[in-house]
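Scroll down for the structure; my scribbles are underneath it.
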Amino acid sequence: MPRKSARLAALAVAAACSAASAVVLTSPAHADTVRIHDIQGDTRTSPLAGGQVTDVTGIVTGVRTYGSSRGFWIQDPAPDADPATSEGVFVFTSSTPKGVAVGDAVTVSGTVSEYVPGGTSSGNQSLTQITRPAFTVTSSGNPLPAPTAVTARSVPAAYAPAGDPAANGSINALPLRPAKYALDLYESLEGMNVQVSDTRVVGATDPYTELWVTVKPDEHRNHRGGTVYGSYDAQNTGRLQIQSLGKASDFPDANVGDTLTGRTTGPLDYNQFGGYTLVANELGALASADLRRETTRAQRSAELAIATYNVENLDPSDDTFAAHAAAIVNNLRSPDIVSLEEIQDNNGATDDGTVAADRTMTALIDAVEAAGGPRYDWRSVDPADKQDGGEPGGNIRQAFLFNPARVSFTDRPGGDATTATDVTKIRGKAALTLSPGRVDPTSAAFDNSRKPLAGEFAFRGRTVIVIANHFASKGGDQGLTAQYQPPSRSSETQRHLQAEAVHDFTAKILKTQKNADVVALGDINDFEFSETAELLEGWGALWSAIKSLPRSERYSYVYQGNSQVLDQILISPSIRRGAFTYDSVHINAEFHDQISDHDPQVLRFRP
């Protein structure tokens, strides 16, 4: 499931959970009149959490009138000399704040609390707030405290300190060192008026009117303007999320590589969907980089072209069939075989027991033909109802498109949702017992997750076995900005089991026929440098062909401003030894008007 689907579910309950998620992380304390930096302290949690404060003074720097976290930010115009203590804080009013405006000088009394966006189970850092406030406006029209500039020079190269083992890896109680760690710098500015200037967009505008920029233009930059995530130790410290306090209609539709020119200023917030976020009172003007969607070359007559493409919960009610078809025909140049992920059943999310997807597949095939492409045929195996994860009622699965004018499918009947295909030998060559068939579908590795789909194809007299995958999502993993460092990646456990199952199946094919042509591909939901990929590759059974590209070009997905690999095509030694070309075709992930959040991948080789 795309991470945005999990976000929709979270948004549905956010309003109900906002107040309930306020948690006291330290023992209650009491304080009389204090300054904002006394509330914030020099760690991530307030030394006054749970206590009452009175007549805290500040200038209002921003007012949020929408969403589940309504209130306003105040900042002390007379800071102390400690760079670790923030001079800003959010005042949570729960309902739309009235009688307060930007530039007002106020005194605020209330309870100091630590609110964890997404709840404590998310592992997110907490946001220091004043809750249940009473406030008085003492004057209006005051100048705002000068914004603190966040620049390439001010943001450290190191991302975060290691967590305290005595606190289960939490960094909450560690003293902030803003000159050493990027997360400490951002935390030391929590709630304060900050500024970025002439920043490049590294994450396109999404439906929630958010985008990502970088203040470090040279940090792992690729030629299309993105910032590449190439290892667990290269988190890209210059990334910052941008939202706006203005109208959603005024928020720019930005693509990767565009620039927000001039100043973008506003309070620095922290939220569950991206961590540190500049909530802009003043938004820079958008300068377009005129980023174009890529087109791969067509395969030559003797080349077999195989692609993987996540079409994001495609079902007959969608209006994206023509766009997906145009992408397959024009941008992918009509590959001979297309492994599709996230094909839904004939009525999509309607949960009535329907599992067949013939209407979905026929609609796509018709659209491809109408776009000038070949008349594809298709094969798949229907899942058992509600057993493969994804959107409830949608019954997503992988499916093969193939061009019968170029490649033939070897049908061996008997495959169903729970019957596993196996490997046999026919005339000295490896063959599938069921084609199409599912790989180890009853294994616990694939509980509530998509089962691999295997198919046997023939091209110019050569057999090619293709295994289509859609591994378990990253849902439940802690974010890069989590209070636990390094963050936990709990979802890996299931992907590792899935990778081992697919590797073992591939190894069985290669044991039967050493020089068999095998391609395992799909939405692996993990990076090319991950342990998941290592387990898939095993002892040379497979190799992730995206690693044939320069490091700066290895990405198929953009998440929180990091261009990263989720979609992969892995190849057996016989293919790797020959002449092959690989292309990550960037048509979706970098664009605000995407039809999927994944970029398709294309492999061409001579069997």
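Throughout, numbering of the chain's residues begins at 1 and tracks the sequence.
Here Glu87 contributes atom CD and Ile39 contributes atom CD1; the two are 10.5 Å apart, rounded to the nearest 0.5 Å. Atom OG1 of Thr199 sits about 11.0 Å away from atom CG of Asp258, to the nearest 0.5 Å. Between Leu183 atom CG and Leu480 atom CG the span is 8.5 Å, to the nearest 0.5 Å. Residue Gln195 holds its CD atom at 12.5 Å from CG of Asn281, rounded to the nearest 0.5 Å. Note that CG of Leu268 and CG of Asn193 are 10.0 Å apart. Values are rounded to the nearest 0.5 Å. With rounding to the nearest 0.5 Å, the separation of CD1 in Ile242 from OG in Ser244 is 10.0 Å.
In terms of heavy-atom proximity, Ile587 sits nearest to Glu294 at CG2-O, 3.4 Å. Heavy atoms only, all atoms of each residue included: Gly274 and Gln241 are closest at CA-NE2, 4.1 Å. Across all their heavy atoms, Glu492 and Asp526 have their closest contact at CG-OD2, 4.2 Å. The heavy-atom pair separating Thr96 from Thr93 by the smallest distance is C-OG1, 4.5 Å. Smallest separation of non-hydrogen atoms from Ser46 and Val112: OG-CG1, 3.5 Å. Taking each heavy atom of Leu245 and Gly62 in turn, the nearest pair found is CD1-CA, 3.9 Å.
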side-chain contact (heavy atoms from CB on, under 4.5 Å), that's the test. Do Ile74 and Val89 meet it? Break it down for me.
CA-CA 6 Å; Ile74 60 173; Val89 71; 3.7 Å; yes
Could you go step by step and tell me if Glu190 and Tyr270 meet the side chain to side chain donor-acceptor pair (under 3.5 Å) rule?
CA-CA 8 Å; Glu190 178 192 275; Tyr270 184 95; over 6 Å; no
For Gln564 and Val228: C-alpha separation, side-chain torsions, deciding distance, then whether side-chain contact (heavy atoms from CB on, under 4.5 Å) applies.
CA-CA 6 Å; Gln564 57 194 246; Val228 177; over 6 Å; no
Please assess Thr237 against Glu219 for the test side chain to side chain donor-acceptor pair (under 3.5 Å), listing each intermediate value before the final yes or no.
CA-CA 8 Å; Thr237 62; Glu219 187 176 48; 3.2 Å; yes
Do Leu278 and Val194 pass the side-chain contact (heavy atoms from CB on, under 4.5 Å) test, and can you show the C-alpha distance, the side-chain angles, and the key distance before you say yes or no?
CA-CA 7 Å; Leu278 195 165; Val194 300; 3.8 Å; yes
So Gln601 and Ser584, side chain to side chain donor-acceptor pair (under 3.5 Å) or not? Walk me through it.
CA-CA 5 Å; Gln601 314 291 293; Ser584 182; 2.9 Å; yes
Using the rule given for side chain to side chain donor-acceptor pair (under 3.5 Å), can you reason through Asp477 versus Ser491, listing the C-alpha separation, both sets of side-chain angles and the distance that settles it, and then say yes or no?
CA-CA 6 Å; Asp477 287 1; Ser491 69; 2.8 Å; yes
Check against side-chain contact (heavy atoms from CB on, under 4.5 Å), Val56 and Thr107:
CA-CA 5 Å; Val56 179; Thr107 60; over 6 Å; no
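Taking the side chain as every heavy atom from C-beta outward, Trp212 and Gln560 approach each other to under 4.5 Å. Using a 4.5 Å heavy-atom cutoff, the side chains of Asn255 and Val201 are not in contact. Side-chain contact between Thr214 and Asn236: absent, with no pair of heavy atoms (C-beta onward) separated by less than 4.5 Å. Counting heavy atoms from C-beta outward, Tyr115 and Thr128 have side chains that stay 4.5 Å or more apart. Proximity of Gln485 to Pro487: side-chain heavy atoms (C-beta onward) are separated by under 4.5 Å at one or more points. Considering only heavy atoms from C-beta on, Pro156 comes within 4.5 Å of Leu185 through its side chain. Between Asn222 and Ser563 the shortest side-chain heavy-atom distance falls below 4.5 Å. The shortest side-chain heavy-atom distance between Val100 and Phe135 falls under the 4.5 Å cut-off.
One finds no salt bridge joining Glu531 and Arg495 here, because no Lys/Arg side-chain nitrogen approaches an Asp/Glu carboxylate oxygen to under 4.0 Å. Electrostatic pairing of Asp290 and Arg292 counts as a salt bridge here, judged by a charged N lying under 4.0 Å from a carboxylate O. The pair Asp593-Arg293 meets the salt-bridge criterion, since a charged nitrogen lies less than 4.0 angstrom from a carboxylate oxygen. The pair Asp76-Arg35 meets the salt-bridge criterion, since a charged nitrogen lies less than 4.0 angstrom from a carboxylate oxygen.
A side-chain hydrogen bond (donor to acceptor under 3.5 Å, both in side chains) with Arg44 is found for one member of Gln483, Glu187, Glu114, Gln125 and no other, namely Gln125. With respect to Phe92, the side-chain contact (heavy atoms from CB on, under 4.5 Å) criterion is satisfied by exactly one of Gln129, Arg64, Arg132: Gln129.
Using a distance-only test at 3.5 Å, with no hydrogens or angles considered, a donor-acceptor pair links the side chain of Asp104 to the main chain of Ala101. Judged by distance alone, with hydrogens and angles left aside, the side-chain atoms of Ser556 form a donor-acceptor pair with the main-chain N or O of Asp567 at under 3.5 Å. No donor-acceptor distance shorter than 3.5 angstrom exists from the side chain of Asp184 to the backbone of Leu176, with no hydrogens or angles considered. Within the 3.5 Å criterion, the main-chain N or O of Asp198 finds no donor-acceptor partner in the side chain of Thr259. No donor-acceptor distance shorter than 3.5 angstrom exists from the side chain of Glu553 to the backbone of Arg551, with no hydrogens or angles considered. Remark: the backbone N or O of Ile171 is not paired with any side-chain donor or acceptor of Asp164 at under 3.5 angstrom. Although no hydrogens or angles enter the test, the distance criterion places no donor-acceptor pair under 3.5 Å between the side chain of Thr61 and the main chain of Gln75. Without hydrogens or angle criteria, Asn588 side chain to His598 main chain gives a donor-acceptor distance under 3.5 Å. Under a 3.5 Å cut-off, the side chain of Thr277 and the backbone N or O of Gly275 do form a donor-acceptor pair. In this structure, Thr85 contributes its side chain and Asp42 its backbone to no donor-acceptor pair below 3.5 Å.
In terms of the ring-ring contact (aromatic ring centres under 6.0 Å, His included) criterion, Tyr181 has no residue partners (sequence neighbours excluded).
Remark: the Asn168 side chain and the Ser170 side chain contain no N/O donor-acceptor pair separated by less than 3.5 Å.
Phe527 does not carry Lys547 over the face of its six-membered ring by the limits of under 6.0 Å from the centre and within 45° of the normal.
For an aromatic pair to be called close, the ring centres must be under 6.0 Å apart, and His586 with Phe591 fails this. Taking the six-membered ring for Trp and the full ring otherwise, Tyr229 and Tyr555 have centroids separated by 6.0 Å or more.
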